[in-house]
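The shown structure was predicted, so the numbers you read here are calculated from the model rather than taken from an experiment. Just the heavy atoms: all of them, side chains too, but no hydrogens, waters or symmetry mates, feed the values below.
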Amino acid sequence: MITRRKTRQIRLGGVKVGGDAPLTVQSMTKTDTRDVQATLLEIWALEAAGCDIVRCAVPVREAAEKLGEIKRQIRIPLVADIHFNYKLALLALEQGVDGLRLNPGNIGGKQFVQEIVNAAKVRKIPIRIGVNAGSLEKDLLSRYGGPTPEGMVESALRHIRILEDCNYQEMKVSLKASDPLMMIEAYRMLADQVEYPFHLGVTEAGTPGVGTIKSAVGLGALLSQGIGDTIRVSLSADPTEEVRVGIDVLKSLGLRKGGLTFVSCPSCGRADVDLVKLAKEVEDEFRGLNEEIHIAVMGCVPEGERVVTAEGPKPIEAVGEGDEVLTHEGAYRKVAWATSHRYEGEIVEVHPTGFAPVRLTPNHPVWAFPRASRKKAGRARYPKVLSALEAGMEPRWTPAGALAPGWVLAYPVTQDKEDRATIPVEGLGEIAVDEDLLTLAGYYVSEGTLSGKNGTPYQQFFYFHERQTVYVERLRAILTGLGIGSQVRHRRHTAEVVTHSLALGRLLTDLFGRRAERKRLPRWMERLPHDKQRALIRALWEGDGYVGRVRGYWRATYSTSSERLGLQVHHILLRLGVAALLHHRDQRDRQRNWVVSVTSQPALSRLARILGLGDLPGCDRLRTAQAALDERALYVGVRAVRRVPWNGHVHNLEVEGVHSFTVPGAALHNCEVNGPGEARAADIGVAGGRGIGLIFKGGEVIRKVPEKDIVTAMREEVDRFVAERRAAKAAPADD
């Protein structure tokens, strides 16, 4: 029998915490609180799963202003999570929240704390002091040599005294750490010094496997000693999973009986709200019933992975709200918000043909499809990617953990289009966007430099091999057409075209940048009509491209030290129907080089026509069948997949409207809708979409109904299930 520690009792809405009140299970929404509908869907799912208290992040004023609307449509107490800004706490109280989570020492001064306390007193709203080992005050970290239980307790006592000095004792306290031993010791130490109720949790616990174990150890050790009044299990998973584990922890210690296990997390489909209403209506009859509909499992990407944005590749941790990212549909869309959390466990490293490896958590969906293999000489052989496409294979969203060698990844072809007839240039007037300008652009980006005092680009230099006289004369003719004189100097097998025009220098700087590693094309050049882009590609290849044989096979490459430029050239080639790959090459004591390569026969033949080279003798010897291209996407084979350990932060992006983003070589979805699998695992389940609903019972589809009839069909099957269960319970047991 566990004897509970005696604590003061507080009340959050209709839920008591502390004293002799039953232990409660909490969770936190993972949506942007500003998105009311998404947040409500998540809270409704948490309610159905048995959550007693829910917390929402309030990082900005707009989020605080939505709390009232959310509060009015939920049944469990709502806690506002506040950091640093006391005005957000006051606004949250005005919106009618049932509790605050904040640290009084971080609000900016005692006068601000007193203002919050005064408002909380009027409404009898409790405050949770949340101490986290990962964000202790600097003086405590210095004094104790890092995060320690002693430092956590001292931090908590500081914040407690601030509230006590304001004559306010309606509080609870949490002392969270990712290390269960540190968390256990901190709570034990503080338990002897205060009588306030404790909120227990192992923060950043990890994935459901590792996180469940760590949480069970930390929470179980304290609960078994009577320490703890309310708990949260922090998992890198759907919030309903946190509730399920929390309830199971309490059940395992005899601290909770029964418990609702009806789980409804509708993340898509037009019948979502009706399904939640149904869950509420039959809640009492659903004890022990597990129904999961359209579970959204979030996957994430580790730090350092490059995301394709409108401004070039960026590490995912540097991508933020408002940035435009390339989606699987081939269009750039704004990021609605970015999220991150601590992750410890294995991540999947996927090696696409012709691209750098891609790393992501096992449950992160990737746009891909498998190929059937056959054994030949003891090795797996796969059909050509093009053959698989011609056979009708289509990419689908697949968890990264399911990928294996031989799968095919899809990477989008950009679809945005734009044409420009002219551009205004100070000192040169309106310049036509024609073959001459695009040739000038290609030559400068590949071979040009600028110089001048104080960074002013008075002089321009273009470098060619001494035998490239045709290119030299073409450039000089273009410059003459712009009214710019030039001269040619010869040195060390190089022909150097030199001009002195500040107007030209500024034009080149504004459009294409300076220094080889920073050069880029303006975004509108990526969207030009094909005939203009062909002229640009010809000039780029004449400057820094190569077409020739390597080990007897034809190959074409474009090399640059600018990652952004390499990606842009790659995108333009895909738009022109050339299946190109993109990887980097590292050499000792030299800058990283980005190489756009073309190796397959159809792609080489098409590029040769663009470059005006005619047929390439012997090009019909196909070097690789691991890439194919259509108007929608580039398809590349997976060479290898491996699992690697990761302990750090992972990130995810919510993209407006499309919910996908790309990394070089692959398209990723920010969530996976996993309906039928979960519905099969339920006693009564439903998977909906494309206008129909499949009703499951005992793992089998028993009905297929129009989407408009899902709710009615669910009610019928639930009633039948409950009746069967009651009849089974009432039947006499066999001797």
Response to the item:
For D139, the salt bridge (charged side-chain N to carboxylate O under 4.0 Å, His left out) test, sequence neighbours excluded, returns R143, R158

Fill in: Residues in salt bridge (charged side-chain N to carboxylate O under 4.0 Å, His left out) contact with R4, at least two apart in sequence or another chain
D229

Mark yes or no for whether [X], through its side chain, and [Y], through its backbone, hold a donor-acceptor pair below 3.5 Å.
X	Y	result
E150	Y144	no
H364	H669	yes
K30	A237	yes
D52	Q26	no
K214	S178	yes
W646	V348	no
S224	A221	yes
E242	D238	no
S215	G211	yes

Pairs under 3.5 angstrom only: tabulate donor-acceptor contacts from the side chains of residues 13-24 to other protein residues two or more places apart or in another chain.
| unit_1 | atom_1 | unit_2 | atom_2 | d |
| --- | --- | --- | --- | --- |
| D20 | OD1 | Q9 | NE2 | 3.3 |
| T24 | OG1 | T230 | OG1 | 2.6 |

Fill in: Test side chain to side chain contact (heavy atoms under 4.5 Å, CB included) applied to V97 and V79, step by step
CA-CA 6 Å; V97 297; V79 176; over 6 Å; no

Please report the shortest heavy-atom distance between [X] and [Y], naming the atom on each side.
X	Y	result
A45	T240	O-CG2, 3.7 Å
L91	A64	CD2-CB, 3.6 Å
A80	L67	CB-CD1, 4.0 Å
I316	N652	CD1-N, 4.4 Å
G99	I125	CA-CG2, 3.5 Å
G320	V335	O-CB, 3.5 Å

Worksheet item: Going through the distances and angles, do L41 and T31 end up as a side chain to side chain contact (heavy atoms under 4.5 Å, CB included)?
Response: CA-CA 10 Å; L41 288 174; T31 57; over 6 Å; no

Between [X] and [Y], does any side-chain N to carboxylate O distance fall below 4.0 Å?
X	Y	value
K66	E62	no
R244	E241	yes
K124	E170	no

Starting at [atom1] of [X], measure out to [atom2] of [Y] and round the result to the nearest 0.5 Å.
X	Y	atom1	atom2	answer
S155	N132	OG	CG	10.0 Å
M182	I184	CE	CD1	11.5 Å
I43	I74	CD1	CD1	4.5 Å
D81	C56	CG	SG	9.5 Å
T29	R55	OG1	CZ	9.0 Å
S174	R101	OG	CZ	6.0 Å

Any heavy-atom pair between the side chains of [Y] and [X] that's under 4.5 Å?
X	Y	result
P645	E346	no
C51	S27	yes
T361	V650	yes
M171	R128	no
P147	L141	yes
K176	H199	yes

Discussion item. For the residue pair Y196 / E164, report whether a side-chain donor-acceptor contact shorter than 3.5 Å exists.
Written reply: yes

Item to complete: Mind checking ring pair (Phe, Tyr, Trp, His ring centres under 6.0 Å) for Y168 and listing every partner two or more places apart, or none if nothing turns up?
Response: none

Practice prompt. With L219 as reference, evaluate V245, L200, I227 under the side chain to side chain contact (heavy atoms under 4.5 Å, CB included) test and give the passing residue.
Written response: L200

Practice prompt. Kindly write out the residues that satisfy side chain to side chain contact (heavy atoms under 4.5 Å, CB included) with D98, not counting sequence neighbours, or none if the list is empty.
Written response: L12, K71, P77, L78

Worksheet item: Could you give all pairs that pass the side chain to side chain donor-acceptor pair (under 3.5 Å) test and reach residues 179-195, with sequence neighbours left out?
Response: R188-Q225

Discussion item. Checking T33 against T39 for the side chain to side chain donor-acceptor pair (under 3.5 Å) test, could you report, in this order, the C-alpha distance in whole Å, the side-chain angles of both residues, the deciding distance, and whether it holds?
Written reply: CA-CA 6 Å; T33 309; T39 304; 5.1 Å; no

Worksheet entry | From CA spacing to verdict: side chain to side chain contact (heavy atoms under 4.5 Å, CB included), F198, L190 | CA-CA 10 Å; F198 284 171; L190 188 62; 3.9 Å; yes

